[in-house]
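Some notes on the structure that comes next.
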Number of protein chains: 2
Amino acid sequence: MTTPLYLNIGEQLSTEVSRMQPGDRLPKERELAERFAVSRMTVRQALSLLADQGRVYSVRGHGTFVAQPHVAKDATLASFTEDMLARGLVPGSRLLGAAEVPAPAELARALELPEGAPTFRIERLRLADNVPMCLETVHLPARLFPQLLDADLTSSLYALLGTRFRTTVVRAEQTFSAVRLTRRQSDLLGVPAGSAALVMRRVGVDTRGRLVEHAESIYRNDRYEFRLGVVRTP
Amino acid sequence: MTTPLYLNIGEQLSTEVSRMQPGDRLPKERELAERFAVSRMTVRQALSLLADQGRVYSVRGHGTFVAQPHVAKDATLASFTEDMLARGLVPGSRLLGAAEVPAPAELARALELPEGAPTFRIERLRLADNVPMCLETVHLPARLFPQLLDADLTSSLYALLGTRFRTTVVRAEQTFSAVRLTRRQSDLLGVPAGSAALVMRRVGVDTRGRLVEHAESIYRNDRYEFRLGVVRTP
DNA sequence: AAGTGGTCTAGACCACCCT
DNA sequence: GGGTGGTCTAGACCACTTT
């Protein structure tokens with residue numbers, strides 16, 4: 001038994017379902033069990049694969065049916081560079097400032113550092129197709145990334161962390177809120193003063209579970225919205 | 001058998017797990033089966049509830065363990081009512097308006113309806129601990145929910161759809177952006193005119209894959225932020 | 001009343017991890 | 001080799017929907 005039966009049956013049902021119309025009824029579970037020469041429990045395991053993907057749904061006492069097709073991608077962690085490429089835009093960067101600064105209280109709490117611990121602060125104007133898209137301020141613990149500021153900071157920071165420090169941000173906690181732009185911010189972004197903007201804050205965690213990055217990104221509201229597919233867990 | 005055994009057992013295991021430490025090992029499946037006086041398959045069904053929530057994980061040939069808390073689970077679909085309860089706040093509602101209206105172009109596109117198709121439009125001021133939290137405008141296809149407007153619209157709409165129309169929103173596509181509030185909006189929310197606010201738009205899909213709901217929620221920026229754990233998919 | 005999916009049993013063997 | 005979770009069987013009854 002190298003590959004489980006229910007996976008094989010699930011695949012066969014999958015191609016079968018893809019040739020059917022939304023709303024069509026699938027054969028009864030007892031019929032499928034007979035056809036594949038397995039027990040009904042195994043058929044149900046295969047069907048639950050499709051149900052979990054939202055391809056089919058069951059109605060008690062009625063049958064199992066092909067669902068309307070949908071597209072709901074889960075949110076996946078992406079750098080600005082990756083996000084823009086996925087949207088078909090050319091990412092760019094203008095470095096506004098880079099310095100070593102002591103961690104202020106709120107940042108220290110977010111990264112679980114002692115207050116005042118040395119961090120690198122990198123502020124960049126991020127561009128998409130050469131037009132300002134967001135204003136990004138990243139803080140990283142200085143101890144983890146020696147000589148970081150000597151590198152080229154105008155391209156992807158995530159790529160730099162990977163190649164030079166062998167560190168990958170594998171998960172993150174993000175929050176979204178809104179803000180009214182200050183005069184400086186609206187000038188940099190090229191939007192009217194006092195505009196509303198979307199703020200994303202992110203704390204990134206690497207494979208070892210270390211908090212390696214705090215980022216605050218202020219997005220132009222007229223060029224960006226954040227998309228997210230969500231599912232209900234019962 | 002009013003409520004399935006595995007749900008009961010799942011709840012008992014849930015409280016048990018909440019009192020354990022991450023990494024702790026759960027009793028063996030065969031032990032749990034004996035303790036609850038059920039078959040092992042039923043125990044596995046209960047455990048899979050917790051595994052789906054990311055609360056526990058299993059290692060073949062080793063055991064089942066308590067997972068690290070908050071380890072980047074994607075956001076789960078929640079109604080306003082559920083969201084507030086999860087944040088420890090008491091949800092409430094003030095009905096601002098409910099009517100049958102023809103779908104405007106943008107809404108029709110989002111719900112894949114013909115333009116001008118009849119929809120129910122429900123506008124509510126949502127409260128948390130009796131203080132305004134967000135301004136919510138929901139549209140639903142009238143054809144799917146006959147006589148919806150006769151019901152009590154001040155409590156959870158999701159609960160109403162479940163009990164009265166046997167429909168559950170199981171997936172949704174959400175977008176987040178920012179907006180400056182109009183005078184009417186800021187008055188209703190009780191914040192200064194011209195404040196920035198977080199806007200969430202959602203298209204909800206039921207088990208059959210039907211688009212059943214379009215919601216636009218405008219959240220007070222001083223009381224709400226949206227949190228999201230994301231993981232990097234390799 | 002008949003038929004469907006939902007739950008449950010009491011076993012069995014397999015694949016993998018440990019010592 | 002012994003123990004764990006993963007898969008699978010051949011039934012059974014229950015809850016619900018439709019005829």
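The chains referred to below are lettered A, B, ... by the order of the sequence lines, with proteins before strands, and numbering in each begins at 1. All figures in this text were calculated on a predicted structure; none of them were measured in a lab.
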Decide yes or no on side-chain hydrogen bond (donor to acceptor under 3.5 Å, both in side chains) for B:Tyr158 and B:Glu213, but give the supporting numbers first. CA-CA 10 Å; B:Tyr158 274 29; B:Glu213 172 211 33; 2.9 Å; yes
Using residues 103-110 of chain B as the side-chain source, report each donor-acceptor pair under 3.5 Å to any protein atom, sequence neighbours left out, with the distance given to one decimal.
none

By nearest-nucleotide position on DNA chain D, the 5'-leaning member of B:Glu29 and B:Arg166 is B:Glu29
Out of B:Asn221, B:Val131, B:Leu125, which one pairs with B:Leu189 under the side chain to side chain contact (heavy atoms under 4.5 Å, CB included) rule? B:Leu125
Partner residues of B:Phe165 under the ring-ring contact (aromatic ring centres under 6.0 Å, His included) criterion, sequence neighbours left out: B:Phe145
How many Å lie between CZ on B:Arg25 and P on C:dC18, as a whole number? 11 Å
For A:Glu115, the salt bridge (charged side-chain N to carboxylate O under 4.0 Å, His left out) test, sequence neighbours excluded, returns none
Whether B:Tyr6 contacts C:dC8 is assessed here as follows: a side-chain N or O lying under 4.0 Å from the phosphate OP1 or OP2. Is that the case? no
What's the CD-P distance between A:Glu34 and C:dT4, to the nearest Å? 12 Å
Begin from the C-alpha positions of B:Leu96 and B:Leu188 and carry the test side-chain contact (heavy atoms from CB on, under 4.5 Å) through to its verdict. CA-CA 10 Å; B:Leu96 298 177; B:Leu188 284 165; 4.0 Å; yes
Electrostatic pair A:Glu173:A:Arg202 at N-O distance under 4.0 angstrom: no
Estimate the overall bend of the helix from C:dA1-D:dT18 to C:dC18-D:dG1 from the end axes over five pairs each, rounded to 10 degrees. 10°
Please report, rounded to the nearest Å, how far the P atom of D:dG5 is from the CD atom of B:Gln45. 17 Å
Listed pairs under 3.5 Å, donor-acceptor, residues 32-48 of chain B side chains, sequence neighbours left out:
| from | atom 1 | to | atom 2 | distance (Å) |
| --- | --- | --- | --- | --- |
| B:Arg35 | NH1 | B:Glu16 | OE1 | 3.2 |
| B:Arg35 | NH1 | B:Glu16 | OE2 | 3.4 |
| B:Arg35 | NH2 | B:Glu16 | OE2 | 3.1 |
| B:Ser39 | OG | B:Met41 | N | 3.4 |
| B:Ser39 | OG | B:Thr42 | OG1 | 3.4 |
| B:Arg40 | NE | B:Glu29 | OE1 | 2.9 |
| B:Arg40 | NH2 | B:Glu29 | OE1 | 3.1 |
| B:Arg44 | NH1 | B:Glu29 | OE2 | 3.1 |
| B:Ser48 | OG | B:Gln45 | O | 2.8 |

Residues passing the ring-ring contact (aromatic ring centres under 6.0 Å, His included) test with A:Tyr219, sequence neighbours excluded, are A:Tyr224
In whole angstrom, what separates B:Leu47's CG from D:dT7's P? 14 Å
Does A:Arg44 have a side-chain nitrogen or oxygen under 4.0 Å from the phosphate oxygens OP1 or OP2 of C:dG6? yes
Using the test ring-ring contact (aromatic ring centres under 6.0 Å, His included), find all partners of B:Phe226 that sit at least two apart in sequence or belong to another chain. B:Phe176
Have B:Thr64 and B:Arg25 got a donor and an acceptor in their side chains that come within less than 3.5 Å? no
Go through the structure and list residues passing ring-ring contact (aromatic ring centres under 6.0 Å, His included) with A:Tyr57, not counting sequence neighbours. A:Phe65
Produce the list of close N/O pairs, under 3.5 Å, pairing protein atoms with atoms of nucleotides 9-12 of chain C; give distances to one decimal.
| from | atom 1 | to | atom 2 | distance (Å) |
| --- | --- | --- | --- | --- |
| C:dT9 | OP2 | B:Ser39 | N | 2.8 |
| C:dT9 | OP2 | B:Ser39 | OG | 3.0 |
| C:dT9 | OP2 | B:Thr42 | OG1 | 2.4 |
| C:dA12 | N6 | B:Arg40 | NH1 | 3.4 |

Could you state the atom-to-atom distance from CG of A:Leu32 to C1' of C:dG5 in whole Å? 12 Å
Only counting residues at least two apart or in another chain, list the ones meeting salt bridge (charged side-chain N to carboxylate O under 4.0 Å, His left out) with A:Glu31. A:Lys28
Which residues in residues 58-65 of chain A have a heavy atom closer than 4.0 Å to any atom of DNA chain D? A:Arg60, A:Gly61
Counting only non-hydrogen atoms, which of residues 7-17 of chain B are less than 4.0 Å from DNA chain D? none
